[in-house]
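To keep things clear, I will list the structure first and then write my remarks on it.
Heads up: numbering here begins at 1 and tracks the sequence.
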Amino acid sequence: MAEYQHITHGFEPVFDERSRVLVLGSFPSVLSRENRFYYGNPRNRFWRVMAAALGEPVPADGDIPAKRALLLRHGVALWDVIESCDVRGSSDASIRNVVPADVARITSVSPIRAVLCNGGTAARLYHRWLEPVTGMDAVTLPSTSPANAAWSAERLAERWSAALAPYVR
């Protein structure tokens, strides 16, 4: 088993002054940290689900500018709840010694009307660390992680689409 390491997030949130919905993960995986962008594991269904929910083509795996543009075109901000923590590899279950993200970086600039959490871990961490700051409830969506085999990509896209619909253009 991997040893605990104290890891800092390592890349910036995606948002602009038109972002209306904030999507939060927990903390970047090893592959995401190596790629320096969100959901870098090609087995994670996040980009396929978001593209389907937003009615757009799926950006190519390494095309960070296209992924960023996809979100911003639709008023979606993307970040993680945790800025730094002790973690073993990519295991959300191993997270400890959390330093929460400074969510005010986004909420002070963007008219965020909803917070959507990618999975139960992100939601639990959000409720503990960031909800007191934002004062906003969050919707917990099923995780796009490949570990969430109970949800097909099609089912995920339907659920995510319904949650995003009131806030995206």
Side-chain angles (χ1 to χ4, degrees), residues 7-85 87 89-90 92 100-103 105-123 125-126 130 138-149 151-169:
I7 305 288
T8 299
H9 192 282
F11 44 93
E12 293 296 308
V14 174
F15 72 101
D16 66 17
E17 67 283 348
R18 295 168 297 150
S19 300
R20 293 177 307 285
V21 59
L22 173 58
V23 174
L24 291 169
S26 54
F27 191 70
S29 69
V30 170
L31 280 173
S32 293
R33 295 190 305 263
E34 287 173 2
N35 293 326
R36 301 194 48 77
F37 201 64
Y38 302 90
Y39 303 102
N41 181 341
R43 292 182 48 228
N44 191 301
R45 298 165 292 177
F46 181 81
W47 293 108
R48 291 186 303 273
V49 166
M50 285 301 288
L54 298 172
E56 297 233 13
V58 181
D61 275 344
D63 195 345
I64 292 170
K67 291 175 178 179
R68 184 182 306 278
L70 169 72
L71 298 174
L72 295 178
R73 253 192 320 277
H74 294 278
V76 177
L78 178 62
W79 207 6
D80 289 310
V81 175
I82 299 172
E83 175 56 34
S84 68
C85 65
V87 64
S90 298
D92 276 357
D102 179 12
V103 74
R105 284 183 59 194
I106 295 175
T107 59
S108 66
V109 172
S110 306
I112 299 297
R113 296 176 22 219
V115 176
L116 308 178
C117 292
N118 187 357
T121 300
L125 293 165
Y126 173 81
L130 299 184
V139 173
T140 305
L141 293 173
S143 175
T144 60
S145 165
N148 182 12
W151 283 74
S152 69
E154 294 77 21
R155 235 176 114 207
L156 284 169
E158 288 174 13
R159 179 65 185 95
W160 279 72
S161 182
L164 286 163
Y167 309 105
V168 300
R169 43 181 121 84

TODO: Give a yes or no on whether the backbone of Y39 and the side-chain of S32 come within a donor-acceptor separation of less than 3.5 Å.
DONE: yes
Task: Donor-acceptor contact below 3.5 Å, side chain S84 vs main chain T8 - done: no
Task: All side-chain hydrogen bond (donor to acceptor under 3.5 Å, both in side chains) counterparts of R159, not counting sequence neighbours - done: none
Open item on the list: Rounded to the nearest 0.5 Å, what separates atom OG in S110 from atom CD in E17?
Closed with: 7.5 Å
TODO: Taking K67 for its side chain and G62 for its backbone only, find out whether a donor-acceptor pair lies under 3.5 Å.
DONE: no
TODO: Report yes if the side chains of T144 and M50 come closer than 4.5 Å at any heavy-atom pair, otherwise no.
DONE: no
TODO: Flag the pair L24 / L130 as yes when at least one side-chain heavy-atom distance between them is below 4.5 Å, and no otherwise.
DONE: yes
- [ ] May I have the step-by-step check of side chain to side chain contact (heavy atoms under 4.5 Å, CB included) for W47 and L70, ending in yes or no?
- [x] CA-CA 10 Å; W47 293 108; L70 169 72; 4.2 Å; yes
Open item on the list: Just verifying a value: how many Å separate L156 CG and S161 OG, rounded to the nearest 0.5 Å?
Closed with: 12.0 Å
Open item on the list: Salt bridge check, R68 against E12: does any charged N sit closer than 4.0 Å to a carboxylate O?
Closed with: no
- [ ] Carefully, step by step, assess D80 and Y38 under the rule side chain to side chain contact (heavy atoms under 4.5 Å, CB included).
- [x] CA-CA 9 Å; D80 289 310; Y38 302 90; 3.5 Å; yes
Task: Check: S90 side chain, V30 main-chain N or O, donor-acceptor pair, under 3.5 Å - done: yes
Task: Donor-acceptor contact below 3.5 Å, side chain W160 vs main chain P142 - done: yes
Task: Side-chain (R48) to main-chain (V58) donor-acceptor, under 3.5 angstrom - done: no
TODO: Working to the nearest 0.5 Å, report the span between CG of N118 and OH of Y126.
DONE: 15.0 Å
Open item on the list: Determine whether a donor-acceptor pair (N or O, by modelled atom type, separation under 3.5 Å) exists between the side chain of D16 and the backbone of R18.
Closed with: yes
- [ ] Find the distance between CD1 (I82) and CG (L125) and round it off to the nearest 0.5 Å.
- [x] 4.5 Å
Task: P146 vs N44 side-chain heavy atoms within contact, under 4.5 Å - done: yes
Open item on the list: Whether the side chain of R113 engages the backbone of V21 through a donor-acceptor N/O pair (distance < 3.5 Å, no angle test) should be reported.
Closed with: no
Task: Derivation of the side chain to side chain contact (heavy atoms under 4.5 Å, CB included) call for F37 and V14 - done: CA-CA 10 Å; F37 201 64; V14 174; 3.8 Å; yes
Open item on the list: Would I64 and F11 count as a side chain to side chain contact (heavy atoms under 4.5 Å, CB included) here? Give the steps.
Closed with: CA-CA 12 Å; I64 292 170; F11 44 93; over 6 Å; no
Task: Modelled atom types, side-chain donor and acceptor of S26 and D92, under 3.5 Å - done: yes
Open item on the list: How close do R45 and N148 get, counting heavy atoms only, and between which atoms?
Closed with: NH2-O, 2.9 Å
